Structure formats: structure tokens, C-alpha cells
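These notes are about the structure you will find just below.
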Amino acid sequence: MQITGTFLDEISHDIPHQNWGRAEWDRDFASMKSIGIDTVILIRCGHRRFITYPSNYLTRHEGCYTPPVDLVDLFLDLAEKYGMKFYFGLYDSGKYWHNHDCEREMEISRAVADEVWNHYGNRKAFGGWYLNFEVSRAFAGITELYAGMGRYVKQLSGNLPTMISPYIDGIKLAVPGEQLYKEDAIGLEQHEKEWNEILRGIQGAVDIVAFQDGHCDYHELADYLRINRKLADRYGMTSWTNCESFDRDMPIHFLPIKWEKMLLKLEAAKAAGIEKAITFEFSHFMSPNSCYRAAGNLFNRYCEHFGINGK
């Protein structure tokens with residue numbers, strides 16, 4: 001089970017920014033290509049006031065800052081250069097849907113989708129949409145938000161695929177601190193019950209479900225992934241795994257994962273029959289070009305294991 005897709009974390013909401021320009025991004029896309037990555041997913045086009053493209057709507061309505069570089073255009077250029085498919089991640093207000101005002105979040109997301117499709121929809125690499133509202137449970141309004149936005153962007157773009165990447169409410173905290181683990185993990189039965197209801201409610205609006213794999217223990221993961229795949233199959237969706245390349249087992253946010261841990265997760269995905277592995281995310285945590293030296297070492301161990309001539 002090899003990684004063939006990665007998120008692009010341009011805003012760096014909770015990890016350091018690498019201050020890359022076109023040359024550095026070009027070099028990193030070449031490294032992605034060298035290990036077989038064929039899919040890149042913009043995790044969000046903006047968060048709060050920081051955005052990735054010069055959006056008239058977001059600067060006017062949300063007070064966002066106009067970026068010095070159009071990163072959406074840059075990423076599409078590089079995806080086209082290296083023969084990759086690009087998924088566009090929607091805007092995250094950081095406030096509306098988090099406070100259960102999903103209608104307002106959907107209003108903004110629709111306007112952003114309209115603007116983006118008008119500007120970039122004719123690009124060869126534009127291959128789909130990422131609905132970037134990440135939850136682990138039946139969060140109030142999330143089914144309606146996924147379904148509403150999924151149907152909207154599919155209709156807008158001629159039925160391009162849509163993707164979500166929720167997470168498992170396991171023993172590992174979403175944001176670790178002095179405490180890394182909790183006692184009230186959801187458990188397999190409750191996870192299956194809640195996600196059966198969510199996926200049933202978004203059938204036809206979401207095509208790909210790529211659960212994050214870092215919130216449960218390694219020996220539990222294959223069982224959760226089997227449930228995820230079974231539910232996706234039930235509702236006509238494709239099941240991917242989001243193999244996190246950062247480590248949740250320490251109180252530092254966030255550092256490259258130990259290779260042994262990544263291998264355990266990839267083997268669990270293989271055992272569960274998952275179709276594709278993507279990662280969050282290559283450029284910081286797995287790239288030979290990363291600001292973290294350990295990321296380059298992870299890249300080397302990964303290439304050695306799979307017999308890849310990565311560069």
C-alpha cells in the first residue's frame with residue numbers, strides 16, 4: 001500500500017510555514033512525482049483572513065487579506081506540469097460552522113465555489129473538490145453541510161468528484177497537549193452507527209471518504225478501516241485512507257512520524273482493502289525538501305522499503 005496522493009497545506013494553520021516560492025514548490029512536486037503521487041488536494045483555500053488566491057468575495061465579505069501570490073494558479077500549473085489531478089479545498093471561516101451556523105458557512109462556500117470555478121474551472125488539472133469540514137462524530141448540521149455543498153459543487157462543475165476526510169474519535173486527542181490520550185473513545189460499534197447515518201445522508205453528494213488514520217491505536221486501525229470501507233461500499237462511495245505523516249504520540253504539534261508507525265498504518269489499510277492512500281502531508285512531514293530533516297529521513301526509509309528511486 002503506497003501513498004499516491006497528498007494534501008497541500010498552504011495556510012499552515014497549525015504547522016510552521018515554509019515560505020516557499022515557485023522554485024521550491026516545483027522541486028517538491030518533482031519529489032512527489034518521483035514516488036508515484038498522482039493526486040494533490042488543497043486542504044483549504046483559506047482559513048479566517050488568510051487565503052490562497054485573490055478572492056474578491058472573501059476580501060469584501062470576510063475581510064481577508066489579498067495574498068502576494070496566487071497559489072491556486074501555481075498549484076494548478078505544477079499539477080499540470082507533473083501530470084497530477086488537483087482537488088480544490090473550500091474556505092474555512094474558522095467560526096461559522098464550528099459554532100453550528102452551517103447555513104452561513106454554506107453561503108460563503110457556495111460563493112467561493114462559484115468564483116473559483118469561474119476563474120480556474122477550465123484548467124486541465126482541476127479534478128475535484130475537497131469539502132474541508134473535518135469532524136469525527138454526528139456534529140450538528142454536518143450531514144446537511146456535506147450534502148448541500150457536495151451537490152452544489154457537483155452540479156456547478158459537471159459532476160466532478162467530491163471528497164471528505166473525517167477522523168475517528170479514538171483514544172488520541174485531535175489536538176494533543178500535556179494529555180495525549182482520553183478514556184472515552186467512540187468504539188467500533190458507535191463509530192459504525194454514527195457514520196452509517198452520516199454517509200446515508202450524504203449519498204450522491206460525496207464520492208470519496210478518506211478517514212484520517214491517526215486518532216486510534218495502531219492495533220485498532222484495521223478494524224476501523226474495515227468498517228469505513230464497508231460503509232462506503234454500502235452507499236456507493238470510494239474508500240481511501242488519509243495516512244497521517246506526522247506523529248500524534250507526543251505533545252509537540254507536529255513533527256514527522258516514525259517510519260515504523262507509518263508502515264503499521266499502511267499495512268492496516270492494505271489489510272482492510274482500502275483503494276488508495278493519501279497523506280497529510282508530504283511537503284512538511286515526508287519530503288526531502290522539508291524544513292524538518294526528519295522528513296527527509298522518512299522519505300528515504302519509505303523509498304528503501306518500497307524499492308523506489310525517489311529524489
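Given the structure is predicted, the values throughout are model-derived calculations rather than measurements. We're numbering straight along the sequence, starting at 1.
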Close aromatic pair by centroid cut-off 6.0 Å: [X] and [Y]:
X: Tyr224; Y: His215; result: no
X: Phe139; Y: Trp97; result: yes
X: Tyr87; Y: Tyr130; result: no

Heavy-atom closest contact ([X] atom, [Y] atom, distance):
X: Ala205; Y: Thr162; result: O-OG1, 2.7 Å
X: Ala147; Y: Gly201; result: CB-O, 3.8 Å
X: Asn242; Y: Thr279; result: OD1-C, 3.5 Å
X: Arg229; Y: Ile274; result: CB-CD1, 4.1 Å
X: Cys243; Y: Lys265; result: SG-CE, 4.0 Å

Problem - Pair Trp117-Phe126, ring pair (Phe, Tyr, Trp, His ring centres under 6.0 Å): steps then yes or no - result: CA-CA 9 Å; Trp117 186 248; Phe126 201 116; 5.4 Å; yes
Is it true that the side chains of [X] and [Y] contain a donor and an acceptor less than 3.5 Å apart?
X: Glu107; Y: Tyr96; value: no
X: Asp92; Y: Asn132; value: no
X: Ser93; Y: Glu62; value: no
X: Lys311; Y: Ser34; value: no
X: Asp114; Y: Tyr152; value: yes

Please state whether the rings of [X] and [Y] are parallel, tilted or perpendicular, taking 30° and 60° as the class boundaries.
X: Phe285; Y: Phe246; answer: tilted
X: His191; Y: Trp195; answer: tilted
X: Phe86; Y: Phe75; answer: tilted
X: Tyr146; Y: Phe133; answer: tilted

To the nearest 0.5 Å, how far apart are [atom1] in [X] and [atom2] in [Y]?
X: Thr6; Y: Ile278; atom1: OG1; atom2: CD1; value: 8.0 Å
X: Gln2; Y: Phe306; atom1: CD; atom2: CZ; value: 5.0 Å
X: Asp207; Y: Lys154; atom1: CG; atom2: NZ; value: 3.5 Å
X: Arg234; Y: Arg200; atom1: CZ; atom2: CZ; value: 9.0 Å
X: His17; Y: Ile15; atom1: NE2; atom2: CD1; value: 9.5 Å
X: Leu90; Y: Ile43; atom1: CG; atom2: CD1; value: 12.0 Å

Sidechain N-carboxylate O distance under 4.0 Å for [X], [Y]:
X: Arg137; Y: Glu194; value: yes
X: Lys172; Y: Asp249; value: yes
X: Arg226; Y: Asp223; value: yes
X: Arg123; Y: Asp77; value: yes

[Y] side chain reached by [X] side chain, heavy atoms, under 4.5 Å:
X: Ile202; Y: Thr143; answer: yes
X: Glu244; Y: Ile257; answer: no
X: Leu74; Y: Phe29; answer: no
X: Val72; Y: Leu42; answer: yes
X: Ile108; Y: Tyr57; answer: yes
X: Val40; Y: Tyr82; answer: no
X: Ser239; Y: Asp233; answer: no
X: Ser283; Y: Asp9; answer: no

Cluster check [X], [Y]: I/L/V/M/F/W/Y, side chain < 4.5 angstrom:
X: Leu160; Y: Leu131; answer: yes
X: Leu298; Y: Phe7; answer: no
X: Leu156; Y: Tyr53; answer: yes
X: Phe299; Y: Tyr292; answer: no
X: Ile208; Y: Met84; answer: no

Exercise for the section: Would you please test Tyr302 and Met286 for side-chain contact (heavy atoms from CB on, under 4.5 Å) and show each step? Expected result: CA-CA 9 Å; Tyr302 178 91; Met286 195 179 169; 3.5 Å; yes
Handout entry: salt bridge (charged side-chain N to carboxylate O under 4.0 Å, His left out) assessment of Glu304 paired with Arg301
Key = CA-CA 5 Å; Glu304 287 172 358; Arg301 302 294 82 72; 2.8 Å; yes
Problem - Residues in side chain to side chain contact (heavy atoms under 4.5 Å, CB included) contact with Glu24, at least two apart in sequence or another chain - result: Trp20, Arg27
Checking [X] side chain against [Y] main chain: does a donor-acceptor pair fall under 3.5 Å?
X: Ser165; Y: Ala210; value: yes
X: Gln190; Y: Gly187; value: no
X: Thr241; Y: Ala277; value: no
X: Ser136; Y: Tyr167; value: no

Exercise for the section: Walk me through it: do Phe282 and Ile35 pass the test side-chain contact (heavy atoms from CB on, under 4.5 Å)? Expected result: CA-CA 11 Å; Phe282 180 86; Ile35 65 166; 3.7 Å; yes
Would you say [atom1] of [X] has more than 12 non-hydrogen atoms from neighbouring residues, nucleotides or ligands within 6.0 angstrom?
X: Lys261; atom1: NZ; answer: yes
X: Glu103; atom1: CD; answer: no
X: Asp14; atom1: CG; answer: yes
X: Arg293; atom1: CZ; answer: no
X: Lys276; atom1: NZ; answer: yes

Exercise for the section: Please lay out, stage by stage, how Ile3 and Leu266 fare under the test side-chain contact (heavy atoms from CB on, under 4.5 Å). Expected result: CA-CA 8 Å; Ile3 291 169; Leu266 290 172; 4.1 Å; yes
Practice task
Output, in order, the C-alpha distance, side-chain angles, deciding distance and verdict of side-chain contact (heavy atoms from CB on, under 4.5 Å) for Asn289 and Ser31.
Solution key: CA-CA 8 Å; Asn289 310 299; Ser31 294; 3.1 Å; yes
